[in-house]
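Letters A, B, ... mirror the listed sequences (proteins, then strands); counts begin at 1.
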Number of protein chains: 2
Amino acid sequence: MQSETHGEFPALKERLAHFPVRCRSAGLKVTQQRLAVYSMLAGTVSHPTPEEVFEAIRGGLPLLSLATVYKILDQFQRAGFVRKVSTEGQAARYDAKVEPHHHMVCTACGAIQDIQLPSEPDLAQGLSAESGFQVARYDVIFHGLCGACRKAGRGQP
Amino acid sequence: MQSETHGEFPALKERLAHFPVRCRSAGLKVTQQRLAVYSMLAGTVSHPTPEEVFEAIRGGLPLLSLATVYKILDQFQRAGFVRKVSTEGQAARYDAKVEPHHHMVCTACGAIQDIQLPSEPDLAQGLSAESGFQVARYDVIFHGLCGACRKAGRGQP
DNA sequence: GTGGCTGCAAAGCTTTTGCATGTTC
DNA sequence: GAACATGCAAAAGCTTTGCAGCCAC
């Protein structure tokens, strides 16, 4: 119990323990690089870019290449281990929390936070019939000022 | 009345007629390039990329440069004339419809459609207090199969 | 042993930038 | 005429690709 910070989603230890199993189920071999990428992502809430993941783990894997990190993140996303967060600009950002939730993007500092809406209606309901579109999932992205930037007076010139 | 296709938002003619005024209010000079970019965007519902805008209007402006289109789209977005639609990959896409609405992205063909939710609760309500985040706006992006791809059986192997 | 994975380098796209020239107001 | 826009070319990011050698299974 002590390794759970908020009790919000599976504890880090448990997720790491299951990782090899999940890899094999997905037809992916368990390598040091994949372990390192997943551990890093699972241990942060900062939604890092591929470059940031690379910088964070290259200490333990001196020969690691950024291209490998890109490939691994892409495989993880398609296997459902991680989520790629739509960011309107620049580099992609990844999130190891795959449970349904949304995101807030700070317009001043660019930080991304997870958002769990307390009670959320199913927005997709009724859409399919009306438009012929078959909704598989949807993302909500909130834009605004994060707590830190608001206190610092940033973003309101 | 005849130029309105659906009555959903201001007619094309009217929007074009107001364009010079809006430009000057925003401190932007009225140039042929800006007119061409805005007309093209206002006359489509396909959410084109900068490249597509460029290709569509270069016929009438032989010397037009893609860099100019990028600059103009960026200015338009900051002036509130157009919206930049967050697309998880590749090139940015722009929308001349700025009235509140959401988007559907087809996972098979990549097409983007506007979505007007019939009745939508304010998702941002209650968020600020809880998280310290000050929400300015939010976007909803639906992912799934568009009508055409669904009929064609694409996207479901 | 074999198929898949990694590392490296190079290429591919999208987007931005600097600057001389041209245009709007 | 002054300030701002454009066009061009070059550069800067981010991401993908091809391939030889290496590793997990």
>> Whether the side chain of A:Tyr138 engages the backbone of A:Leu123 through a donor-acceptor N/O pair (distance < 3.5 Å, no angle test) should be reported.
In response: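 Judged by distance alone, yes, a pair lies under 3.5 Å.
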> Is the backbone N or O of A:Ile72 less than 3.5 Å from a side-chain atom of A:Arg34, with the two atoms forming a donor-acceptor pair by type?
Replying inline: no
>> Protein within reach of the bases, or only the backbone? For nucleotides 12-18 of chain C, mark each nucleotide 5' to 3' as B, S or -, using heavy atoms under 4.0 Å.
In response: --SBBBB
Measure [atom1]/[X] against [atom2]/[N] and give the value in whole Å, please.
X: B:Leu61; N: D:dA5; atom1: CG; atom2: P; result: 17 Å
X: A:Leu73; N: D:dT15; atom1: CG; atom2: C1'; result: 12 Å
X: A:Leu64; N: D:dC22; atom1: CG; atom2: C1'; result: 15 Å
X: A:Gln75; N: C:dC5; atom1: CD; atom2: C1'; result: 8 Å
X: B:Arg78; N: D:dA5; atom1: CZ; atom2: C1'; result: 14 Å
X: B:Leu63; N: D:dA9; atom1: CG; atom2: C1'; result: 15 Å
X: B:Arg34; N: C:dC25; atom1: CZ; atom2: C1'; result: 13 Å

> Considering only D:dC8, C:dG7, C:dT6, which nucleotide approaches the side chain of B:Ser65 most closely?
Replying inline: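 Nearest to the side-chain atoms of B:Ser65, counting from C-beta on, is D:dC8.
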> OP1 or OP2 of C:dG7 less than 4.0 angstrom from a side-chain nitrogen or oxygen of A:Thr68, does that happen here?
Replying inline: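 For C:dG7, OP1 or OP2 has a side-chain N or O of A:Thr68 closer than 4.0 Å.
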> Side-chain N or O of A:Gln33 less than 4.0 angstrom from OP1 or OP2 on D:dC23?
Replying inline: no
>> Could you see if B:Val85 belongs to whatever hydrophobic cluster contains B:Tyr94? Use Ile, Leu, Val, Met, Phe, Trp, Tyr and a side-chain cutoff under 4.5 Å.
In response: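 No, because B:Val85 and B:Tyr94 fall into different hydrophobic clusters, even though each may have its own neighbours under 4.5 Å.
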>> Let me check something: do B:Val69 and B:Phe81 share a hydrophobic cluster, defined by ILVMFWY side-chain heavy atoms less than 4.5 Å apart, either directly or through other members?
In response: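 In one cluster: yes.
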> Does atom CD of B:Glu55 have more than 12 heavy-atom neighbours from other groups under 6.0 Å away?
Replying inline: yes
> Any idea which heavy atoms bring B:Cys23 and B:Val30 closest together, and the distance?
Replying inline: CB-CG2, 3.9 Å
>> Could you report the tightest heavy-atom contact between A:Gly80 and A:Val98, atom names first, then the distance?
In response: O-CG1, 3.5 Å
>> Side chains of B:Lys71 and B:Gln33: any donor to acceptor distance under 3.5 Å?
In response: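 Not at all, the side chains of B:Gln33 and B:Lys71 share no donor-acceptor pair under 3.5 Å.
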> Counting only non-hydrogen atoms, which of residues 19-32 of chain A are less than 4.0 Å from DNA chain C?
Replying inline: A:Leu28, A:Lys29, A:Thr31
Solution key, residues 39-49 of chain B side-chain donor-acceptor pairs under 3.5 Å, sequence neighbours excluded:
unit_1, atom_1, unit_2, atom_2, d
B:Ser39, OG, B:Leu35, O, 2.8
B:Thr44, OG1, B:Ser46, N, 3.1
B:Thr44, OG1, B:Ser46, OG, 3.0
B:His47, ND1, B:Val45, O, 3.0
B:His47, ND1, B:Ile112, O, 3.2
B:His47, NE2, B:Asp95, OD2, 3.1
B:His47, NE2, B:Asp114, OD1, 2.7
B:Thr49, OG1, B:Glu52, N, 3.1

